[in-house]
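Inspection log for the structure reproduced underneath, given as structure tokens.
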Amino acid sequence: MKTTISQVSKHLNEEVTIGAWLANKRSSGKIAFLQLRDGTGFMQGIVVKADIGEDKFQEAKALTQESSMYVTGTIVEDTRSPLGYEMQVTDFEIIHEAVDYPITPKEHGTEFLMDHRHLWLRSKRQHGVMKIRNEIIRATYEFFNENGYVKIDPPILTGSSAEGTTELFHTKYFEEDAYLSQSGQLYMEAAAMAFGKVFSFGPTFRAEKSKTRRHLIEFWMIEPEMAFMDHEDSLEVQEQYVSHVVQSVLKNCKIELEALGRDTGQLEKIQAPFPRISYDEAIQLVKEKGFDDIEWGDDFGAPHETAIAESYDKPVFITNYPAEIKAFYMKPDPARPEVVLCADLIAPEGYGEIIGGSQRIDDLELMKQRYEDHGLTGDAYNWYLQLREYGSVPHSGFGLGLERTVAWIAGVEHVRETIPFPRLLNRLYP
RNA sequence: UCCAACGUAGCUCAGUGGUAGAGCAAUCGGCUGUUAACCGAUUGGUCGUAGGUUCGAAUCCUACCGUUGGAGCCA
């Protein structure tokens, strides 16, 4: 009977067949250990010469790394296995013999591994990270579907910049100029006016020459937008959403977190509500921690963010930034117009900003003024201004960066390991 | 774009002015519970590229190319 490694617990003491690849192998004169992987998990197969016969045993000893095969054997419990189960192999059939697989069980450098990303994905570590990414995506759909959100897909090809500041990937749209989307947010505002609560999940592109462990050229964002919700309502959605995602990973990715050596005690604390500090307080806090390179009105750099995050064991919201350093569409605080109703959510353990969100300007005249103040001209956003012309309502939204969230939850250093085929500065292959 | 470090065997690295090295991988042999298994043997090199200094350069100098980390900007 055919099955998979993820299902072997249901076949205890039965003989099953699994399609698998050989991840690694250890052997002695009369016994061989096959480290098998089948995509669903990793399991050890035991080949005993006395049971399987001389010819088959020699064949097993000659198996090469990453050769594919159908392995048949009896599933037995064994406490020495991380999975809890092993296979006593009775037979195997080689499908394809791999020769000189480049990635060996020893250590490799970053460049080599990135050049072999298509093969590196097979490793236990990368398998764990991608399964956690998948669980975060699954939990995201679950959360928003269960809370009455409609998934709306904004366009990827756009006619102009959403915020005008960051660099966009340019392409041709027949005779016109076009750009790859750097945010679906403005379109999500239109969607919120049509469907109430909406969310998007899609790729986004930034042609920035950033070279840090937190940056990708192409990355995925989840962008919810909610009509009739103010800034505080939005913060509550954010902390509930992030908590749901973290708790889902803890529940459904135990083997993967273990394989990555993640300290799950840190993750167990991630339950709403999250602490909030104002931008003013954050500036004060950073100065108290000894930084003298920042003044009110400046944006936080990575070291500042880390210093703030270190003061908490949960993600922390930094709220109400100066309007000048934030996007044109953010709503000024009625009590203090020099700051806007916004928040960045900073992940613990130095993983940086994972969410940026705000309440949006709903007044047409103010929006027109901000639009011009930010040097935006032309008719490209007439449709966006019209949202304030026909039944404008208070509304808020936010964007969560998937890869930074995966990096934090999985506990990996660099976002390049959190997306299957990362696009980085100077890397478009494979 | 700026700053810093690095570039030696398929991979990871040592070698800092005088004969090119180790571990892993590969190949051959040994080993009945291995966890990056272990033990023995064999194979493997245009020292990133170009120029310069020197009797002599992997080693010192210059330029370029590439990689990595960081800054800025952002999720």
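In this text the structure is predicted, and so the values were computed from the model without any measurement.
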Any donor-acceptor pair under 3.5 Å between the side chain of A:T104 and the base of B:C11?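 No, the side chain and the base share no sub-3.5 Å donor-acceptor pair.
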
How far, in whole Å, is B:G44 from B:U54 if one measures between their C1' atoms?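 Rounded to whole Å, the distance is 32 Å.
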
Expressed as a whole number of Å, how far does the P atom of B:A25 sit from that of B:A36?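 The same atom, P, in both gives a distance of 13 Å.
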
Could you tell me the Watson-Crick or G-U partner of [N], where both distances fall under 3.5 Å? Say none if there is no partner.
N     : result
B:G7  : B:C65
B:C74 : none
B:U54 : none
B:C13 : B:G21

Can you tell which of [options] lies closest to the side chain of [X]?
X      : options             : answer
A:R26  : B:A36, B:C31, B:G33 : B:A36
A:R213 : B:G70, B:G69, B:C73 : B:G70
A:Q44  : B:G33, B:A71, B:C11 : B:G33
A:K61  : B:C31, B:U34, B:C11 : B:C31

Given A:F201, A:F195, A:F199, the one that forms ring-ring contact (aromatic ring centres under 6.0 Å, His included) with A:F144: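 Of the listed residues A:F201, A:F195, A:F199, the ring-ring contact (aromatic ring centres under 6.0 Å, His included) partner of A:F144 is A:F199.
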
List the steps, then state whether side chain to side chain contact (heavy atoms under 4.5 Å, CB included) holds for A:F169 with A:Q182. CA-CA 9 Å; A:F169 276 101; A:Q182 61 158 6; over 6 Å; no

I need the A:C253 SG to A:R262 CZ distance, nearest 0.5 Å.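 Going from the SG atom of A:C253 to the CZ atom of A:R262 covers 13.0 Å.
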
Could you check whether [X] gets within reach of a base, just the sugar-phosphate, or nothing at all, counting any heavy atom under 4.0 Å?
X      : value
A:L216 : base
A:R416 : sugar-phosphate
A:E86  : base
A:A302 : sugar-phosphate

Would you call the rings of A:H116 and A:H118 parallel, tilted or perpendicular, where under 30° means parallel and over 60° means perpendicular?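 Judged by the thresholds at 30° and 60°, the geometry between A:H116 and A:H118 is parallel.
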
Which class fits the ring pair A:H304 and A:F291: parallel under 30°, tilted 30 to 60°, perpendicular over 60°?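 Perpendicular.
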
Is the aromatic ring of A:F33 within stacking range of B:A37, meaning centres under 5.5 angstrom and planes under 30 degrees?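 A:F33 vs B:A37: stacking no.
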
